[in-house]
Q: 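Okay, handing you the structure first.
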Amino acid sequence: MGGLWYPGWRGVAFCGWRWIHPGSPARAAERVEPFLRPAWSGTGGTERGLRWLGTWKHCSLPARHPALQPPRRPKSSDPFTRAHVEEWRRRNKTTLTYVAAVAVAMLGASYAAVPLYRLYCQTTGLGGSAVAGHASDQIENMVPVKDRILKISFNADVHASLQWNFRPQQTEIYVVPGETALAFYRAKNPTDKPIIGISTYNVVPFEAGQYFNKIQCFCFEEQRLNPQEEVDMPVFFYIDPEFAEDPRMINVDLITLSYTFFEAKEGHTLPVPGYN
Amino acid sequence: MSTAMNFGTKSFQPRPPEKGSFPLDHLGECKSFKDKFMKCLYDNHFENALCRNESKEYLECRMERKLMLQEPLEKLGFGDLIGGKSEAKK
């Protein structure tokens, strides 16, 4: 029988209709043969023909031949297909379990990322965050890179509500990486009441900030100035010798250190940015 | 303060100083050393390398007056300036 034409289709689609497929001459011959019997006379033939047509109404689906059953029906009781379906169901379930596990793992990884990233930053020192283990014996052993002269310029700012006069005592200083340097700022309280200030600093360019190490300065702690008092504020710092080996710093010759003073009020804490 | 809120750009992270904060010199006890240092800087066109002796003396003054924690000078990067000087501050 032809590939496309399932014999069973005939039983399904054409109830009782005796479909004669042109490609099946043998079957056609079987079907047509009774009508070609000699008993088929002229007058009686019409009756029989009508009777035959009449039986068309009372047709029922022809008896199922086992070979005519379509093997694709999902509700078949064929054990072979049932095993297939079971196999697909089992595979789907496994896939779903795997996908769900991956989703849960991703969620867990996103929670774990915060402390892990902090740890990573501390060990590699990327982004200028605090490098653990930066001991003072590094200062002892560091060798100045004498052929790389850097200009450090100083800037001083005050917050609008702080009435200090705050300015650097030198506009710039020439240092080399690996050499400790001292610089001074001066602050005067021209008012007649004591004022407490607290300062923070900034280094431009940002990438050079990770090499700018302050040994001691006057920032991040409250400094109190009595009325009409003027003090010198030193900054003791050095540029890390590794600055000279960083390819990104190859064009950096000017580093600007900028201090800003704010007024420290009772109960106020200066928000220090970063992971301190 | 640099708070560049751009994703991916580096922003500056201020770090506290390694040895903390200098106490303020309210009484001006080390002012003369500071003036010597500033004069040296002005004379030498602000080259730090030529004025390291003066900065060392200023820090020693601070350490004597308890305005700074006692530290061996090598740890402050003045190892090459100590030379034959006897190291009594340890």
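Here is the naming used below: chain letters follow the sequence lines, and residue numbers restart at 1 for every chain.
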Q: For the atom pair NE2 (B/His26) and CZ (A/Arg224), what is the distance rounded to the nearest 0.5 Å?
A: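 Spacing of NE2 (B/His26) from CZ (A/Arg224) equals 8.5 Å.
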Q: Does the ring center of A/Phe154 lie less than 6.0 Å from the ring center of B/Phe46?
A: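 No.
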Q: What verdict does the side-chain contact (heavy atoms from CB on, under 4.5 Å) test give for B/Arg62 and A/Gln216, after you've listed the backbone C-alpha separation in whole Å, the side-chain angles of each residue and the deciding distance to 0.1 Å?
A: CA-CA 12 Å; B/Arg62 273 207 162 229; A/Gln216 204 158 0; over 6 Å; no
Q: What residues form a salt bridge (Lys or Arg N to Asp or Glu O under 4.0 Å) with A/Arg148, not counting sequence neighbours?
A: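 A/Arg148 satisfies salt bridge (Lys or Arg N to Asp or Glu O under 4.0 Å) with no residue once adjacent residues are dropped.
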Q: For the atom pair OG1 (A/Thr180) and CG (B/Asn48), what is the distance rounded to the nearest 0.5 Å?
A: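 Nearest 0.5 Å value for the OG1-CG distance: 7.0 Å.
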Q: Using side-chain heavy atoms (C-beta onward) and a distance below 4.5 Å, is A/Val231 in contact with B/Asp25?
A: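 A/Val231 vs B/Asp25: side chains apart.
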Q: In terms of the angle between their ring planes, are B/Phe78 and A/Phe236 parallel, tilted or perpendicular, with boundaries placed at 30° and 60°?
A: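 If you compare the ring of B/Phe78 with that of A/Phe236, the planes turn out parallel.
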Q: Against chain A, work out which of B/Lys34, B/His45, B/Glu47 has the most heavy-atom pairs shorter than 4.5 Å and name it.
A: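 Of the candidates given, the most pairs with chain A belong to B/Lys34.
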Q: To the nearest 0.5 Å, how far apart are CD1 in A/Ile173 and CG in B/Leu41?
A: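 Separation between the atoms: 4.5 Å.
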Q: State, yes or no, whether a side-chain contact exists between A/Phe220 and B/Pro17 at a heavy-atom distance under 4.5 Å.
A: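 Yes. Closest side-chain heavy atoms under 4.5 Å.
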Q: In Å and rounded to the nearest 0.5 Å, what is the CZ to CD distance from B/Phe37 to A/Gln169?
A: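 Here the interatomic distance stands at 10.0 Å.
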Q: Measure the spacing between CG of A/Asp232 and CE of B/Met38 and express it to the nearest 0.5 Å.
A: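 The CE atom of B/Met38 is 9.0 Å from CG of A/Asp232, to the nearest 0.5 Å.
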Q: Heavy-atom count around A/Asn251 CG within 6.0 Å, excluding the residue itself: above 12?
A: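 Not buried by this count: 12 neighbours or fewer within 6.0 Å.
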Q: For the residue pair A/Ile215 and B/Leu76, establish whether any side-chain heavy-atom pair is separated by less than 4.5 Å.
A: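 Heavy-atom side-chain distance check passes, below 4.5 Å.
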Q: Given that the side chain runs from C-beta out, which part of B/Leu50 has a heavy atom under 4.5 Å from chain A: side chain, backbone, both or neither?
A: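 It is neither, since no heavy atom gets under 4.5 Å.
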Q: If you define the side chain from C-beta out and look only at heavy atoms, does anything of B/Leu24 sit under 4.5 Å from A/Leu225?
A: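 Yes. Closest side-chain heavy atoms under 4.5 Å.
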Q: Among all residues two or more places apart in sequence or in another chain, which pass the ring pair (Phe, Tyr, Trp, His ring centres under 6.0 Å) test with A/Phe212?
A: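 Partners of A/Phe212 under the ring pair (Phe, Tyr, Trp, His ring centres under 6.0 Å) test: A/Phe237.
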Q: Measure distances from A/Glu172 to the heavy atoms of chain B and classify the residue's part below 4.5 Å as side chain, backbone, both or neither.
A: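 Interface part for A/Glu172: both.
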Q: With a 4.5 angstrom heavy-atom cut-off, could you sort out which part of A/Glu229 is near chain B: side chain, backbone, both or neither?
A: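 For A/Glu229, the contact with chain B is made by the side chain alone.
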Q: Are any non-hydrogen side-chain atoms of B/Ser21 and A/Gln223 less than 4.5 angstrom apart?
A: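 In short, these two side chains touch, coming nearer than 4.5 Å.
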Q: Using a cut-off of under 4.5 Å on heavy-atom pairs, state which of A/Ser258, A/Pro144, A/Ala187, A/Pro234 scores highest against chain B.
A: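 Most pairs with chain B among the choices: A/Pro234.
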Q: Would you indicate whether A/Glu242, at its atom CD, is surrounded by more than 12 heavy atoms from other residues, nucleotides or ligands within a distance under 6.0 Å?
A: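 It does not: A/Glu242 CD has 12 such atoms or fewer within range.
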Q: Quick one: pull up CZ in A/Phe184 and CG in B/Asp35 and give me the separation to the nearest 0.5 Å.
A: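 Here the interatomic distance stands at 9.0 Å.
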